[in-house]
Amino acid sequence: MRILLVEDYTPLRENISESLTQAGYVVDVSATGDEGLWYAENSDYDVTILDIMLPEIDGLTILRKLKALRSKTPVIIISARDTTDYKIEGLDAGADDYLVKPFELRELLARVRAQLRKRYDPVGDSATVSDLTVNFSSKRVVRGQEEITLTRREYGLLEYFAYRIGQVVTRQEIWDHVYEDMEGGSSNTVDVYVSYLRKKLNAGGKENLLHTRRGQGYYLDTNASPQPIDS
Amino acid sequence: MRALNPSIRKRLLAGTILAIAFATLTGSIVVYLAQRKVLIEQLDGRLQATAELLTIEIELEDGKPYQEWLVHILDNDVRRRKDLIQVWGLQSGETYKAPALKDFELPQFHGDLNEPVIRSITLPDGKESRALGIKVFPSYDEKETITPTSLEGLEHICVIALNTEDLRHGLRELRQTLTWVVATTIFLTALSIFWVVNRSLIPIQELSQRLQQRETDRLGNPVTISAKFPRELRNLVEQYNGLLLRIEGVRVRERDFSTHAAHELRTPLAGIQATLEQAINSSRNANDYDHRITQALIISKQMAGLVTHLMRFSRLQSGTHRILVEEINLHEVIEATWQGLSEKCQPRGLAAEWQLDSASFLHKTDEDLVRILFTNLFDNAISHAKDHSNIHLKTSDQDGQFIFTISNLSATPLPADLDRLFEPFSRVDKARTGDDNHAGIGLSLCREIAKNLNIEITVSTTEIREFQVTLVVGTPR
C-alpha cells in the first residue's frame, strides 16, 4: 500500500514515515504543499496523510484541489488545530478523517487501516480466503493452523492482494502500491516476489490461492474465476 | 441597603403625573381663590350699598334722629325676616335692631367717621356672616337748621350683617367640582402617559430581546434596526454595534493567539512523542538511541525557547518585567549582536550591507532587552531574506534621535497586514517548518520591548519590495 505523507515539521515527518514503512507501507514524503500536491496529482495513493499549515500551499487548498479532480484517495488530516470548527472545516473540505497533534503513532496506523478497509471494501481487521487469514493490524498470516513467516515485501504484496480479494491486480498496480519509487528493478521483480509468496503460501502441498491471469496479472481467491479488472 | 434600580417607566410616569397634578392643583386653587374673592367682593358691595341706604335712612327730624330704615323693614315682610341690622345712638345710648335679629346682638365695630369697616363675624347662633360697621351722623335736609355744634353727640354706629351661608355653599360646590376636575385630569393623564411611555419603551424592549437572542459566537454581526426605529435610540445602537465590532476583533485576536500557541506547542510536542515512540518501538543500537534522544532534546529545547519567549512577552505586556537601566553604546550592541548571528548568513549566501551614518550613540536603557530586540530583528531578517540577497543595516541621527533600519528582500505582506505582524504568531508564511525555529512571536516581543523602553518601532515595505523595520530611539531635541 502506497501512502503520501505531507508534513512540514521534519521530526514528525521522519518518524511518521518510518513508522508507516515499518508497518509495511510504501511512503512518499513531502515537506511543502506544492510538492505534496504534485505527488498527489501524479500518483495513485491508497491513503494521503496531510498537514494543514504548510509552506507554499496549505493543506486545505490541496484537499480541495484533489476533490475537484475527483480523487478517491482517502485523506487523513493531521493538525494542531483542535477546535470543532477547524475539524468541521477540514472534513467539509473533503477529508475522510481528522487527527489532532500530538497523537500516538499506533492510532495513526489504525486510522490508516480503517481508510484502507473503506477504500477496498469493508473486510474488517482481517481478510480470509479459504483457510488463509491475513490480519492487517498484527500483520500475521495464518494458513490452517500454521503461521506463515513473510518478509516485509512479501507481506506488503499479500496485504495488497488481500485488500482486493477476487480482483485481478496488474503488475503496474503492484509496482505503484507496493514498491518504492527509486527501488529500481523491472516487472520481473514483481513476478519473482509473487512466486516467492506463492511458494510460502502453498507450502506442504496446500491448495493454490494466488492465481495468474495470463497477460493481465494476479488475483487471490479460492477459484480460478476472478472478477473483471475494472470491477 | 437597597440597591438602586431606577426605572425609566416609573420615573416618566411619576414625574409626569406629579407635574400634571401640581399644575392642575395650582390652577384649581387659583381659580377657587379668584372665585372666592369675587364672591366676597360682591357680598361686600351689597353690604356697602345697604350701608349707603341705611345712613340716608337715619335722619334728623326736628333736631332728633329718626330711624326710617327700621320703618321700611317693618313694612316689608321679606326684609323683616332677612335684614340683620343694628344701630346704636352714641348720645342717646339707644339701640335699634331689625326684627330678624330677635334677641341676638351684633358686635359693635366701626372705623373713622363715614369710613366703613368690613369683617367676617360669627353670629350668636353660630352662623358665619359678613358684617360692615360704620360711624355716621344722621342725614338731614335743607329744612333742618344745622350748626357746627348741633350734630355733636349724634353719631350713630351701624352694623349690617349678611349671612354667608349661600356663599359658603357655592364655594363648597366649587371646591368639589374642582376636586373632581383635578382627580379626573390626573387619572386620564396617568392613563395616557402610561400608554405613551409603554409605546415609547417598546423599541428598547425589542432591542433588549434582540441582544439577548444574539449568539455569543456571532457578536460581530451588527444589530439591524428598521426605518421606524426611534432616532433617539439609533445612535445608541450604532455605538453598541461599534463596541461589538471591537469586542469581536479582540476575541478573534485572542482566539488566534490560543490557536497559534496551541499549534506552535502541539506540533513540536507531536514531534517529541513520535520520536520517542519510534525509539522504543523496536530494539536499536546505542547510536540509534542516542540520535533519537538527541532529536527529542533538540525539539524540547526549541519548545523551551518558545515558552521563554512567551513568558518574557507576557511579563513585558503586563509590565512586570524588571528593567535595569545603564548607559550603552547602541552601535556596539548592534555590531556585537550581528556578529553572533552572522554565521547563519553564509550557508544561504546572504551579505550584510552596513551604512552607519550616526555618530556613536550613548543611551540609557536595558542592555539585555535591547540585545533581545536586535537579536530578534536580525534573526528574522536572516531567516526570511531571499537566498543570495543583501541585508541592509543603517543608522542615522535626526533631531537628536537615533534611527536604525534593517531591510531585506523577502515575501512582503500586504500593506493592510503590516500592523498585524506585531500580533503574536502572525507570520507572512503560515506554515511551521521544522528547520525554522520561528514561532511568529519575535516581532510581538520586539514591540513589547520597544514599548517598555520607549522606542518607536514600525514595519514597512520599500519601493523595491523590501521588508523594513525601523527603530527610533530617544526623544527629539
Side-chain angles (χ1 to χ4, degrees), chain A residues 5-23 27 29-36 49-62 77-89 98-110 139 152, chain B residues 217-218 251-252 254-284 288 291-303 306 383-384 410-411 425-440:
Chain A
L5 170 63
V6 190
E7 165 64 58
D8 62 332
Y9 189 52
T10 308
L12 193 57
R13 185 176 66 245
E14 287 177 351
N15 284 290
I16 292 175
S17 170
E18 187 183 55
S19 173
L20 289 168
T21 306
Q22 283 173 350
V27 186
V29 292
S30 170
T32 61
D34 52 347
E35 188 187 57
I49 299 171
L50 187 63
D51 186 18
I52 290 181
M53 291 172 85
L54 291 166
E56 310 303 336
I57 301 175
D58 70 272
L60 290 179
T61 304
I62 293 175
I77 285 179
I78 50 171
S79 174
R81 296 172 163 187
D82 64 336
T83 64
T84 305
D85 284 345
Y86 284 129
K87 290 178 186 171
I88 289 170
E89 189 183 12
Y98 193 108
L99 196 54
V100 176
K101 297 173 187 174
F103 48 80
E104 289 188 37
L105 291 175
R106 59 198 181 100
E107 183 180 354
L108 177 65
L109 293 176
K139 313 283 180 195
R152 194 170 67 83
Chain B
D217 59 341
R218 290 185 182 170
R251 261 173 45 126
V252 168
E254 284 182 353
R255 192 191 62 195
D256 287 352
F257 180 87
S258 42
T259 303
H260 285 114
H263 181 254
E264 296 304 333
L265 293 171
R266 278 175 182 276
T267 302
L269 202 57
I272 292 176
Q273 187 170 332
T275 303
L276 295 177
E277 266 189 64
Q278 276 302 103
I280 61 171
N281 192 33
S282 54
S283 296
R284 301 177 186 280
D288 199 359
H291 169 71
R292 287 167 195 274
I293 291 169
T294 304
Q295 195 179 34
L297 191 62
I298 290 168
I299 303 170
S300 63
K301 280 182 179 173
Q302 286 172 349
M303 284 182 76
L306 173 61
S383 300
H384 298 301
S410 64
F425 303 113
S426 173
R427 289 183 296 202
V428 178
D429 180 1
K430 299 293 179 195
R432 184 191 209 293
T433 53
D435 303 327
D436 164 7
N437 193 26
H438 289 259

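Letters go in sequence order (proteins before strands), and every chain restarts at 1. Just so you know, these numbers come straight off a predicted model, no measurement behind them. We use all heavy atoms of the structure for the numbers below, so side chains are in, but hydrogens, waters and symmetry mates are not.
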*Asks:* Between atom CD1 of B:I272 and atom CG of A:L12, what is the distance when rounded to the nearest 0.5 Å?
*Replies:*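 These two atoms lie 11.0 Å from each other.
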*Asks:* Report the distance from atom CZ of B:R266 to atom CD1 of A:I78, rounding to the nearest 0.5 Å.
*Replies:*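 With rounding to 0.5 Å, CZ (B:R266) is 13.5 Å from CD1 (A:I78).
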*Asks:* Taking all atoms of both residues into account, what is the closest heavy-atom pair of B:T267 and A:A80, and its distance?
*Replies:*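 Closest approach of B:T267 to A:A80: OG1-CB, 3.8 Å.
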*Asks:* For the pair B:Q273 (side chain) and A:P102 (backbone), establish whether a donor and an acceptor sit closer than 3.5 Å, ignoring hydrogens and angles.
*Replies:*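 Not a single qualifying donor-acceptor pair exists.
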*Asks:* Over all heavy atoms of both residues, which pair between B:G271 and A:P11 is shortest? Give the atoms and the distance, please.
*Replies:*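 Taking every non-hydrogen atom into account, CA-CB, 4.4 Å.
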*Asks:* What part of A:I16 lies closer than 4.5 angstrom to a heavy atom of chain B: side chain, backbone, both or neither?
*Replies:*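 Nothing of A:I16, per the 4.5 Å heavy-atom cut-off to chain B.
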*Asks:* At what distance, to the nearest 0.5 angstrom, does NZ of A:K101 lie from CG of B:L265?
*Replies:*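 The CG atom of B:L265 is 12.5 Å from NZ of A:K101, to the nearest 0.5 Å.
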*Asks:* Among the options A:V100, A:I52, A:D82, pick out the one with the most heavy-atom pairs lying under 4.5 Å from chain B.
*Replies:*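 Looking at each option in turn, the highest pair count goes to A:D82.
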*Asks:* Looking at residues at least two apart in the chain, or sitting in another chain, which of them share a side-chain hydrogen bond (donor to acceptor under 3.5 Å, both in side chains) with B:S300?
*Replies:*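 By the side-chain hydrogen bond (donor to acceptor under 3.5 Å, both in side chains) rule, B:S300 matches no residue at all.
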*Asks:* Can you check side-chain contact (heavy atoms from CB on, under 4.5 Å) on A:N15 and B:Q295, steps first, answer last?
*Replies:* CA-CA 11 Å; A:N15 284 290; B:Q295 195 179 34; 3.8 Å; yes
*Asks:* How close do B:E277 and A:F103 get, heavy atom to heavy atom, and via which atoms?
*Replies:*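 Minimum heavy-atom separation between B:E277 and A:F103: OE2-O, 3.8 Å.
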*Asks:* Going by atom types only, do A:Q22 and B:Q278 share a side-chain donor-acceptor pair under 3.5 Å?
*Replies:*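 Distance-only check passes for A:Q22 and B:Q278.
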*Asks:* Identify which of A:R106, A:E14, A:E18 forms the greatest number of heavy-atom pairs closer than 4.5 Å to chain B.
*Replies:*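 With the most close heavy-atom pairs to chain B, the winner is A:E18.
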*Asks:* Under the side-chain hydrogen bond (donor to acceptor under 3.5 Å, both in side chains) rule, collect the residues that match up with B:D288, sequence neighbours excluded.
*Replies:*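 B:R284, B:R292.
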